[in-house]
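This report concerns only the one structure given below.
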Amino acid sequence: MDCIFCKIINNEIPSYTLYEDENVKCILDINPISKGHTLIMPKKHFKDIDDIDLDTLNKINISSKIIVNLLNEKLNPSGIKLVQNNGSLQEIKHYHLHIIPSYNKKDNMSVEQVFNLLTK
């Protein structure tokens with residue numbers, strides 16, 4: 001399978017990993033909508049919401065709370081939205097959940113700077 005997210009999960013492609021366990025990998029988006037934009041991916045390949053099982057969805061939701069807590073603690077956003085795309089809206093056909101913080105003012109930190117802030 002030629003899935004970029006599977007390659008990231010298998011460490012064939014480097015990533016800014018914020019959290020990882022046996023079920024999920026949480027990485028900073030390299031083309032973020034905002035500072036701290038994170039992707040949560042199941043380690044097992046599922047195409048979309050129709051393909052994924054409820055147990056894996058629950059594990060993704062549990063890890064989303066870990067990421068939201070980290071973002072709130074370190075970046076203090078004014079709000080956070082969770083987005084999951086399917087069908088033509090889904091750019092990469094590997095189920096993933098976007099955690100997208102919102103801020104009252106724009107900040108031009110690089111992904112690497114955000115990663116260093118979140119992991120120190």
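Not measured: the values here are computed from a predicted model.
- Under 4.0 Å is where a charged nitrogen must lie from a carboxylate oxygen, and between K7 and D2 at least one such pair does.
- When all heavy atoms of I27 and M41 are compared, the pair lying nearest together is CD1-CE, 3.8 Å.
- Within 6.0 Å of CD1 in I4 there are 12 or fewer heavy atoms belonging to other residues, nucleotides or ligands.
- A 6.0 Å sphere centred on CD1 of I30 holds no more than 12 heavy atoms belonging to other residues, nucleotides or ligands.
- Within a 6.0 Å radius of CG in L89, more than 12 heavy atoms belonging to other residues, nucleotides or ligands are found.
- At least one donor-acceptor pair under 3.5 Å links the side chain of D48 to the backbone N or O of D50.
- Checking K25 against N11 by side-chain atom types alone, a donor-acceptor pair falls below 3.5 Å.
- Heavy-atom contacts from other residues, nucleotides or ligands closer than 6.0 Å to NZ of K81 number 12 or fewer.
- Checked by atom type and distance alone, the side chain of Q90 pairs as donor or acceptor with a backbone atom of K47 at under 3.5 Å.
- In this structure, Q113 places its CD atom where more than 12 heavy-atom neighbours from other residues, nucleotides or ligands lie under 6.0 Å away.
- The ring of F46 has its center no closer than 6.0 angstrom to the ring center of Y95.
- Judged by distance alone, with hydrogens and angles left aside, the side-chain atoms of K93 form a donor-acceptor pair with the main-chain N or O of G87 at under 3.5 Å.
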Working for ring pair (Phe, Tyr, Trp, His ring centres under 6.0 Å), residues H96 and H94: CA-CA 6 Å; H96 57 287; H94 181 123; 7.6 Å; no
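- Atom CG of N69 is surrounded by more than 12 heavy atoms from other residues, nucleotides or ligands within 6.0 Å.
- Partner of Y19 under the side chain to side chain contact (heavy atoms under 4.5 Å, CB included) criterion, out of I40, I67, L70: I67 alone.
- Residue I99 holds its CD1 atom at 8.5 Å from NE2 of H37, rounded to the nearest 0.5 Å.
- Crowding of E91 atom CD: a count of heavy atoms from other residues, nucleotides or ligands under 6.0 Å not exceeding 12.
- For the pair T56 (side chain) and I52 (backbone), a donor-acceptor distance under 3.5 Å is absent.
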